Peer 1: 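Got a structure for you, questions after.
The chains referred to below are lettered A, B, ... by the order of the sequence lines, with proteins before strands, and numbering in each begins at 1. Please read these numbers as outputs of a predicted model, since none were measured by experiment.
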Amino acid sequence: MNLEELSGLPPGAVSHFQAEGIESLYPPQAEAVEAGATDGDSLVAAVPTASGKTMIAALAMLSAIERGGKALYIVPLRALASEKKAEFEAYEEFGVSVGVTTGNYESTDDWLATRDIVVATSEKVDSLVRNGADWLSELTCVVSDEVHLIDDRNRGPTLEVTLAKLRALNPALQVVALSATVGNAGEIADWLDAELVASDWRPIDLQMGVHYGNAISFDDGGKREVPVDGSESQEDALVRDIVAEDASALVFVNSRRNAEAAARRLANVVAPELDADEQEALEELADDIRDVSDSETSTDLAAAVEKGAAFHHAGLASEHRSLVEDAFRDRLLKVISATPTLAAGVNTPARRVIVRDWRRFDPTAGGMAPLDVLEVHQMMGRAGRPGLDPYGEAVLLAKSHDEQDELFDRYIWADAEDVRSKLAAEPALRTHVLATIASGFARTRDGLLSFMNETLYASQTTERGRLESVTDTVLDYLERNDFIEREGGNSSTSQSAADDPFTSAADLAAEADRDVELRATNLGHTVSRLYLDPMSAAEIVHGLESADARPTAMGLYQLIARTPDMYELYLRSGEDDKYGQLYYELEDELLGDRPSEYEDDRFEDWLAALKTGALLKDWADEMDEDRLTERYSIGPGDLRGKVETAEWLLGAAETLAAEIESDWSVAVREARARVEHGVREELLELVGVRGVGRKRARQLYQVGIETPADLRTVDKGVVLGALRGTKTAENILENAGREDPSMDGVTPVDVDHGATQRGTDGGTTGSASEHIGSGGEADADEENQSSLGDF
DNA sequence: ACGACACGCTTTTAGACAGCATGTC
DNA sequence: CTAAAAGCGTGTCGT
């Protein structure tokens with residue numbers, strides 16, 4: 001289909017696409033248009049990665065806007081939100097405005113209301129629904145990208161419920177669901193009352209194969225010799241082979257450590273192929289990477305990058321990730337070895353994709369479990385850059401002939417699994433039942449059940465009573481914790497589900513007047529708006545209420561670390577003793593009911609939370625990033641993730657404290673501020689000055705500058721002596737509101753901060769770190785604020 | 001007495017959304 | 001119910 005045949009798009013859109021070199025639609029895109037994408041009809045597009053799904057969405061959104069409507073594009077990851085925003089911003093050329101909103105990205109409601117296209121994560125959309133954003137009812141087109149993630153145990157239910165709510169808000173809503181090729185796309189289409197567009201078509205040829213011995217055997221029967229020299233690994237040979245063709249490769253492995261080890265080896269494979277210009281550019285990139293963080297991860301990554309290779313996993317800081325992704329897209333980096341993060345993330349295609357490991361450790365399976373077909377297909381789908389590569393190659397690795405056959409059967413010739421709703425899991429329902437009641441979507445038990453009946457779960461399940469009985473369990477839980485109130489009906493535990501699992505909707509409706517009325521309490525409303533898991537909120541509320549003295553920072557950190565919203569650190573072997581001991585030392589500081597040591601699992605969790613809390617405490621005690629990452633064996637990305645989550649949860653805890661009129665909101669606020677800036681109490685004031693972070697604040701404090709007021713009055717030479725750089729010092733003085741911040745003619749004054757200056761009680765970061773480095777046998781108790789690691 | 005090395009037992013193992021109000025070294 | 005590589009401690013042998 002030719003672009004000019006399209007009607008209903010904003011003027012200028014067609015010529016815009018033509019200017020980008022698009023003249024005609026790909027077959028699946030044309031099919032989508034025939035199915036009514038530009039006429040406001042709903043559809044599910046189940047097509048391979050990189051076969052122009054975004055264009056289908058764009059056509060639907062643009063035509064909806066042209067009809068005077070408004071579109072929402074739902075993405076699964078924040079990184080994808082910015083990627084899509086950048087893509088859609090090109091439409092501003094013909095007058096279509098775009099806005100993004102995610103948890104950490106700008107978002108004023110009224111601003112979003114003026115945008116034609118809004119890009120948001122599913123959780124953010126859920127949150128907007130809960131907070132009653134008015135403009136949501138003006139939506140005429142909603143795109144759900146990667147809709148197959150409804151299958152995800154943790155985040156799938158949010159997407160599912162959010163789509164159901166958006167449809168309930170506006171029954172005429174056009175829903176465009178973009179999915180990978182899954183087993184039951186038709187079922188999803190039925191659920192959404194949408195047309196199904198399914199296709200295997202790809203813009204460039206994808207050859208899938210298995211490498212065994214000295215050759216790759218492809219699915220089309222072809223073969224390609226790729227000999228393995230001596231002791232090198234299969235992936236080394238495959239990478240060397242493709243880099244020699246001046247193309248790039250992506251290697252998927254099953255653990256972070258493997259990704260790092262592979263990058264180290266591949267760097268040596270790739271390095272000989274680099275020219276002088278590339279080497280220079282790579283040096284620069286390596287410097288940028290080292291600037292991001294001082295950790296070992298950062299150094300290792302930089303070392304690999306200097307030789308044209310990189311690793312990629314969630315332990316990387318997000319700046320690391322984007323530096324690596326961009327350089328790979330620019331063909332500067334020749335190979336990335338990655339964990340599955342990369343397959344789900346932003347677009348990073350390569351000529352050759354090597355899926356090295358097809359089994360991964362899975363504790364629920366009790367050992368190594370094979371990857372899902374869908375997952376492997378997603379990885380393989382990254383092969384081939386449209387317009388740049390003549391074809392794409394996806395290669396699995398086999399160590400035996402039998403394995404080769406198995407891989408063909410299991411992945412290459414296999415269809416992806418079905419998408420199954422995970423909504424009936426209790427943790428998911430806890431959250432969504434409360435939100436549904438609090439935001440007024442359901443006012444009675446009956447109304448709640450009929451809303452639930454509009455979800456994919458209801459359309460998939462054959463057990464009629466299951467959802468109903470779990471819902472009742474959840475309602476009991478919410479009522480017990482004072483998040484909702486029930487009135488009328490038989491408000492004790494409802495047993496109607498058990499009475500007759502085949503009760504029809506009509507029967508239920510007939511009982512409506514006897515039905516229980518549901519109302520969220522103020523606390524319940526707050527919890528829903530804060531986007532907390534009700535169980536987290538209950539834990540926090542209970543913890544705060546049980547404190548009879550001002551809670552310590554450590555107590556609060558452990559409290560939030562044991563909520564289900566915080567992903568706890570894993571307790572290594574031997575650490576149960578270590579943290580068990582810390583537990584006895586800190587027993588009085590910890591909040592809420594502690595589990596008995598005989599409840600093994602709960603006690604383990606408690607200690608794991610203690611470890612997470614200790615990490616936060618060390619961070620707030622100004623421990624250096626590289627020490628933290630080493631001590632807790634985590635990457636810089638994990639550290640920042642934990643800190644961010646802690647900030648969010650403590651912010652929520654502060655609101656909850658106000659709601660329950662707890663005496664401890666000040667303590668919570670202070671603990672949050674310390675985590676936010678990573679500083680001890682005495683630096684909190686200084687850190688409020690723009691341009692002053694944890695490091696500079698400590699430097700200033702050491703020369704006797706303790707408050708912003710000191711910055712305004714102290715001798716400028718002292719400031720200059722503490723901070724390196726005239727420019728920085730001037731900026732900081734200006735931000736502190738000093739009359740005359742100029743450093744002209746000021747000479748640095750060196751204050752002797754080794755000796756007992758005033759206020760050295762906290763000790764310096766340096767000296768604190770030294771104790772840690774020496775393994776804790778040092779005189780840790782000399783400093784009353786010494787690091788937790790010294791116990 | 002001391003160190004290099006081999007062997008075997010133990011340990012470890014992917015990912016990442018959200019409130020609110022503004023800015024690191 | 002399933003794996004594999006790195007880390008660690010012990011034992012052996014050679015100097």
Side-chain angles (χ1 to χ4, degrees), chain A residues 75-79 81 101-108 120-128 130-131 149 152-156 158-159 252-262 291-294 312-315 318-319 321 338-345 357-363 365-371 375 399 431 526-533 536 565-567 570 572-575 625 633 637-638 640-642 644-645 647-656 672 676-678 687-699 723-725 728 731-732 735:
Chain A
V75 291
L77 298 170
R78 293 199 288 232
T101 172
T102 64
N104 62 350
Y105 216 66
E106 56 188 307
S107 69
T108 34
T121 54
S122 36
E123 284 76 10
K124 186 66 192 192
V125 179
D126 186 18
S127 167
L128 288 166
R130 294 183 189 198
N131 291 290
L149 289 171
D152 186 282
R153 185 159 293 284
N154 301 314
R155 300 179 53 208
T158 302
L159 178 57
F252 285 106
V253 299
N254 65 1
S255 74
R256 293 180 180 187
R257 206 163 51 187
N258 281 336
E260 294 183 18
D291 282 346
V292 170
S293 141
D294 297 329
H312 188 288
H313 58 63
S318 57
E319 299 94 320
R321 286 206 228 175
T339 55
T341 1
L342 199 60
D357 301 329
W358 58 278
R359 277 191 267 241
R360 179 176 52 213
F361 179 79
D362 177 2
M368 299 302 275
L371 297 182
E375 233 173 324
K399 279 171 223 61
T431 298
T526 304
V527 171
S528 174
R529 262 188 297 106
L530 287 172
Y531 211 79
L532 284 177
D533 183 330
S536 298
D565 278 311
M566 176 76 91
Y567 194 79
Y570 182 80
R572 291 144 178 281
S573 76
E575 285 189 339
E625 195 180 2
S633 330
D638 303 300
R640 295 183 195 191
K642 290 281 178 303
E644 198 185 312
T645 309
E647 236 178 281
W648 166 55
L649 283 170
L650 287 164
E654 202 184 321
T655 311
L656 288 175
R672 188 192 60 77
E676 181 181 346
H677 300 287
V687 109
V689 177
R690 187 190 305 177
V692 180
R694 63 199 305 241
K695 297 260 168 70
R696 286 176 184 164
R698 179 52 69 190
Q699 285 160 358
L723 307 165
R724 285 190 307 273
T728 344
N731 273 334
I732 288 173
N735 293 332

Peer 1: Using a cut-off of 4.0 Å on non-hydrogen atoms, how would the nucleic acid contact of A:Gly637 be classed: base, sugar-phosphate, or nothing?
Peer 2: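 Touches nothing.
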Peer 1: Testing the 3.5 Å rule here: is there a donor-acceptor pair between the side chains of A:Asn258 and A:Asn254?
Peer 2: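 Result is yes, a qualifying pair exists.
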Peer 1: Out of curiosity, A:Leu649 CG to A:Met566 CE, how far, rounded to the nearest 0.5 Å?
Peer 2: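 Between A:Leu649 CG and A:Met566 CE, I get 5.5 Å after rounding to 0.5 Å.
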Peer 1: Tell me: OH of A:Tyr570 to P of B:dG15, nearest whole Å?
Peer 2: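 Atom OH in A:Tyr570 sits about 15 Å away from atom P in B:dG15.
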Peer 1: Tell me, for nucleotides 4-9 of chain C in 5' to 3' order, what letter each nucleotide earns: B for a base near a protein heavy atom under 4.0 Å, S for only sugar-phosphate near one, - for neither?
Peer 2: --S---
Peer 1: If the condition is side-chain contact (heavy atoms from CB on, under 4.5 Å), which residues does A:Thr655 pass it with, not counting sequence neighbours?
Peer 2: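 Listed in chain order: A:Thr526, A:Leu530.
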Peer 1: Measure from CG on A:Leu656 to P on B:dC20 and round the result to the nearest Å.
Peer 2: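 Answer to the nearest Å: 12 Å.
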Peer 1: Can you tell me how far NE2 of A:His677 sits from CD of A:Glu647, rounded to the nearest 0.5 angstrom?
Peer 2: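 If I round to the nearest 0.5 Å, the distance is 8.0 Å.
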Peer 1: How is A:Asp291 classified with respect to the nucleic acid when contacts are heavy atoms under 4.0 Å: base, sugar-phosphate, or nothing?
Peer 2: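 Nothing, no heavy atom under 4.0 Å.
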Peer 1: For a quick check under 3.5 Å, do A:Asp126 and A:Tyr531 share a side-chain donor-acceptor pair by atom type?
Peer 2: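 Distance-only check passes for A:Asp126 and A:Tyr531.
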Peer 1: Atom CG of A:Leu77 and atom C1' of B:dA14: how far apart are they, to the nearest Å?
Peer 2: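 Rounded to whole Å, this separation is 13 Å.
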Peer 1: At under 4.0 Å between heavy atoms, what does A:Arg130 touch on the DNA or RNA strands: base, sugar-phosphate, or nothing?
Peer 2: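 Since no nucleic acid heavy atom lies under 4.0 Å of A:Arg130, the category is nothing.
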Peer 1: Compare all side-chain heavy atoms of A:His313 with those of A:Glu260 and state whether any distance is below 4.5 angstrom.
Peer 2: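 Side chain of A:His313 against side chain of A:Glu260, heavy atoms only: contact under 4.5 Å found.
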Peer 1: Establish, with yes or no, whether the OP1 or OP2 oxygen of B:dA18 is under 4.0 angstrom from a side-chain nitrogen or oxygen of A:Thr645.
Peer 2: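 No.
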Peer 1: With the side chain of A:Phe361 defined as its heavy atoms from C-beta on, choose the nearest nucleotide among B:dA18, B:dG19, C:dA3.
Peer 2: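 Of all the options, the side chain of A:Phe361 is nearest to C:dA3.
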Peer 1: Rounded to whole Å, how long is the line connecting atom NE2 of A:His312 with atom C1' of B:dG15?
Peer 2: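 Going from A:His312 (NE2) to B:dG15 (C1'), I get 12 Å.
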Peer 1: CZ of A:Arg572 to OG of A:Ser633: how many Å apart, nearest 0.5 Å?
Peer 2: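 OG of A:Ser633 is found 3.5 Å from CZ of A:Arg572.
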Peer 1: What dot-bracket string describes DNA chain B from 5' to 3', counting Watson-Crick and G-U wobble pairs whose defining distances are under 3.5 Å, with [ ] for crossing pairs and | for pairs to another strand?
Peer 2: |||||||||||||............
Peer 1: Less than 4.5 Å apart, any side-chain heavy atom of A:Leu342 and any of A:Phe252?
Peer 2: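 Yes; the side chains approach each other to less than 4.5 Å.
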Peer 1: Salt bridge or not between A:Arg640 and A:Glu644? Use side-chain N to carboxylate O under 4.0 Å.
Peer 2: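 Result for this pair is no, no salt bridge flagged.
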Peer 1: So if I take every side-chain heavy atom of A:Arg690 and compare against B:dA18, B:dT13, B:dG23, which nucleotide ends up nearest?
Peer 2: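 The listed nucleotide nearest to A:Arg690's side chain is B:dG23.
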Peer 1: Nearest nucleotide by nearest heavy atom, which residue falls closer to the 5' end of DNA chain B, A:Asn131 or A:Arg256?
Peer 2: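 Nearest nucleotide further toward 5': that of A:Arg256.
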Peer 1: Can you tell me how far P of B:dA21 sits from CH2 of A:Trp648, to the nearest Å?
Peer 2: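 To the nearest whole Å, that distance equals 16 Å.
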Peer 1: Within the pair A:Thr655 and B:dG19, is there a side-chain N or O less than 4.0 Å away from OP1 or OP2?
Peer 2: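 False: A:Thr655 side-chain N/O out of range (4.0 Å or more) of B:dG19 OP1/OP2.
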Peer 1: What does A:Gly651 touch in the nucleic acid at a heavy-atom separation under 4.0 angstrom: a base, only the sugar-phosphate, or nothing?
Peer 2: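 Result for A:Gly651 = base.
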Peer 1: Rounded off to whole Å, could you give me the CD-to-P distance for the A:Glu644 and B:dT24 pair?
Peer 2: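 These atoms are roughly 15 Å apart.
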Peer 1: Using a cut-off of strictly less than 4.0 Å, decide whether A:Arg572 has a side-chain nitrogen or oxygen near OP1 or OP2 of B:dT12.
Peer 2: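 For A:Arg572, the contact criterion (side-chain N or O under 4.0 Å from OP1 or OP2 of B:dT12) is met.
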Peer 1: Measure from CG on A:Leu530 to P on B:dC20 and round the result to the nearest Å.
Peer 2: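 Result: 7 Å.
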Peer 1: Mind calculating the distance between CG (A:Asp565) and P (B:dG19) to the nearest angstrom?
Peer 2: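 To the nearest whole Å, that distance equals 12 Å.
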Peer 1: Okay, side chain of A:Asp533, backbone of A:Asp565: is any donor-acceptor separation there less than 3.5 Å?
Peer 2: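 Checking the backbone N and O of A:Asp565 against the side chain of A:Asp533, no donor-acceptor pair under 3.5 Å is found.
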Peer 1: Given the P atoms of C:dA6 and B:dA14, what is the spacing between them in whole Å?
Peer 2: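 So the two P atoms sit 14 Å from each other.
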Peer 1: Want to settle it: does A:Gly103 or A:Asn154 sit nearer the 5' end of DNA chain B, counting the closest nucleotide to each?
Peer 2: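 Between the two, 5'-proximity favours A:Asn154.
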Peer 1: Would one find a side-chain N or O of A:Arg153 under 4.0 angstrom from OP1 or OP2 of B:dC17?
Peer 2: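 For B:dC17, OP1/OP2 do not have a side-chain N/O of A:Arg153 under 4.0 Å.
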Peer 1: Reckon A:Lys642 has a side-chain N or O less than 4.0 Å from the OP1 or OP2 of B:dA16?
Peer 2: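 So the side-chain polar atoms of A:Lys642 never come under 4.0 Å of the phosphate oxygens OP1 or OP2 of B:dA16.
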Peer 1: Just compare B:dA14, B:dA18, B:dA16 and give me whichever is closest to any side-chain atom of A:Asp638.
Peer 2: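 Of the options given, the side chain of A:Asp638 lies nearest B:dA16.
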Peer 1: Phosphate oxygens OP1/OP2 of B:dG15: is one of them under 4.0 Å from a side-chain N or O of A:Thr341?
Peer 2: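 So the side-chain polar atoms of A:Thr341 do come within 4.0 Å of the phosphate oxygens OP1 or OP2 of B:dG15, strictly under.
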Peer 1: With the side chain counted from C-beta on, respond yes when A:Arg696 and A:Leu723 share a heavy-atom pair under 4.5 Å apart, and no when they do not.
Peer 2: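 Side chain of A:Arg696 against side chain of A:Leu723, heavy atoms only: contact under 4.5 Å found.
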